[in-house]
Amino acid sequence: MAMTNSSVFKDDVLHDRVAIITGGSSGLGFGMAAAYQTLGAHVVLVGRDSEKLAHAKADLEPLGHEVLAFASDVRSYEGTTAVVDQVMQKFGRIDVLINNAAGNFHCPFEQLTPNGWRAVVDIDLNGTFNFCHASLIGLKQSKWGGRVINISLAQAASGWPGSAHAASAKAGVTALTRSLAVEWGPYAIRVNNILPGPIANTEGVKRLYEDRGQAEKELNRLCLDSFGHTDDIANAAVYLASEAGNFITGCDLSVDGGRWLKRAWV
Ligand code: COA
């Protein structure tokens, strides 16, 4: 993949930050990893597919530091602690944790199997629990104040017909974010949600809208006239992790072209 190192941010804005990004080998996670790598962070990728991880590592390393890549499923607490242990052995701290790994598919609730429900809730909600829980020891050691960035969704509040599993899991993520923002404030750890809208060239948009012939309809739900780009989410994740985000915790940052608002009116 051709990579550039241009950014709207100062090139050392994340200097020396140790950042774990789950689901970091493709899509939004890879976009965030590339931005962090360009801006001076030590990037740690977590993903299920070793081959995809190896490609991502090879693409990212020319932009900055060595990239650590771990093949692990966020659903496994043991796998999660093994990743965190290795990061702690190498760096002794975790400055940023981005819980981005997610699964979703369109399926009316009537047809959803218990295992389908469980798969999505396990990845999205329990995976976020696993990494938050295991990483606290490292986040407490950050000299900048640890940052947790959870990827949630506006549909956590509205519900999502056809994706009740994902909406329910993300509602849990949003509640977890807010709970931890209060509990971990005394440790100077900031905990926030990014709520992405439809982002072009991602698995989510392909599965949920393009493959179902719903892309045009989804576009009409936005205030703006096009889908977002992975850089839009990456820039939000840089902002929250940088010193510009020092006084921000417990917030939902919508990066969705105004979809959350217009949906209520159209
Ligand atoms: N419609 C209905 N049920 C589906 C489905 C679909 N499109 N896709 C998967 N499921 C069900 C499976 O049938 C299975 O249930 P069953 O055992 O009762 O048949 C259950 O979900 C688990 O599926 P499986 O493929 O074994 O799970 P997995 O752990 O390998 O994958 C998923 C997890 C299901 C979330 C998979 O879609 C995935 O890995 N997605 C990752 C990428 C992604 O979703 N990106 C978009 C994010 S917006």
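In each ligand, atom 1 is the first atom listed, and ligand 1 is the first ligand listed.
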Closest approach of any protein heavy atom to atom 31 (O) of ligand 1, naming residue and atom: Arg48 NH1, 3.9 Å

What's the shortest distance from atom 35 (C) of ligand 1 to any protein heavy atom, and which residue and atom give it? Gly103 CA, 3.7 Å

Nearest-contact summary for atom 14 (C) of ligand 1 - protein heavy atom, Å: Asn115 ND2, 3.9 Å

For atom 40 (N) of ligand 1, find the nearest protein heavy atom and state the residue, atom name and distance (0.1 Å precision). Arg207 NH2, 3.4 Å

For ligand 1, which part of Cys107 has a heavy atom less than 4.0 Å away: the side chain, the backbone, both, or neither? side chain

Around atom CG of Leu261, are there more than 12 heavy atoms from other residues, nucleotides or ligands closer than 6.0 Å? yes

I need the nearest protein heavy-atom contact for atom 32 (C) of ligand 1: residue, atom name and distance, please. Ile123 CD1, 4.6 Å

Should Arg118 be listed as contacting ligand 1, given a heavy-atom distance under 4.0 Å as the test? no

Using side-chain heavy atoms (C-beta onward) and a distance below 4.5 Å, is Ser152 in contact with Ile194? no

Is it true that Tyr77 and His133 have ring centroids separated by less than 6.0 Å? yes

Got Arg147 and Val191 here, is their nearest side-chain heavy-atom distance under 4.5 Å? no

Do any nitrogen or oxygen atoms of Glu203 come within less than 3.5 Å of a nitrogen or oxygen of ligand 1? no

Could you tell me the residue and atom name of the protein heavy atom closest to atom 19 (O) of ligand 1, and the distance to it rounded to 0.1 Å? Thr113 OG1, 4.4 Å

Taking the six-membered ring for Trp, are the ring centroids of His165 and Phe109 within less than 6.0 Å of each other? no

Under 6.0 Å from the CG atom of Asp16, do we count more than 12 heavy atoms belonging to anything else shown? yes

If you take all heavy atoms of Ser163 and His106, which pair is closest and at what distance? OG-CA, 4.3 Å

Any protein heavy atom sitting closer than 4.0 Å to atom 24 (P) of ligand 1? no

Where on Arg75 is there a heavy atom closer than 4.0 Å to ligand 1, on the side chain, on the backbone, on both, or on neither? side chain

Does any N or O in the side chain of Arg17 come within less than 3.5 Å of the main-chain N or O of His15, such that one atom is a donor and the other an acceptor? yes

Between Phe30 and Ser25, is there a side-chain heavy-atom distance shorter than 4.5 Å? no

Can a protein heavy atom be found under 4.0 Å away from atom 17 (O) of ligand 1? yes

Any salt bridge between Asp95 and Arg93, counting N to O under 4.0 Å? yes

Indicate, as side chain, backbone, both or neither, the part of Gln111 found under 4.0 angstrom from ligand 1 when only non-hydrogen atoms are considered. neither

Taking atom types as modelled and ignoring hydrogens, do the side chains of Thr38 and Ser7 form a donor-acceptor contact shorter than 3.5 angstrom? no

Does some non-hydrogen atom of the protein lie less than 4.0 angstrom from atom 44 (O) of ligand 1? yes

The closest protein heavy-atom partner of atom 27 (O) of ligand 1 is Ala119 CB, 4.5 Å

Within the structure, does at least one protein heavy atom fall under 4.0 Å of atom 9 (C) of ligand 1? yes

Should the ring pair Tyr209 and Phe227 be called parallel, tilted or perpendicular, given that the plane angle runs from 0 to 90° and is split at 30 and 60? tilted

Ligand 1 atoms nearer than 4.0 angstrom to some heavy atom of Gly204 are 48 (S)

Considering only protein heavy atoms, determine whether one is less than 4.0 Å from atom 12 (C) of ligand 1. no

One residue to check: Asn104. Relative to ligand 1, which of side chain, backbone, both or neither has a non-hydrogen atom less than 4.0 Å away? both

So for atom CZ, which belongs to Phe91, do other residues, nucleotides or ligands contribute more than 12 heavy atoms lying within a distance under 6.0 Å? yes

Looking only at protein heavy atoms, identify the closest one to atom 1 (N) of ligand 1 and say how far it is in Å. Phe105 CD1, 3.4 Å

Enumerate the atoms of ligand 1 whose separation from the nearest heavy atom of Gly116 is less than 4.0 angstrom. 11 (C), 15 (O), 20 (C), 21 (O)

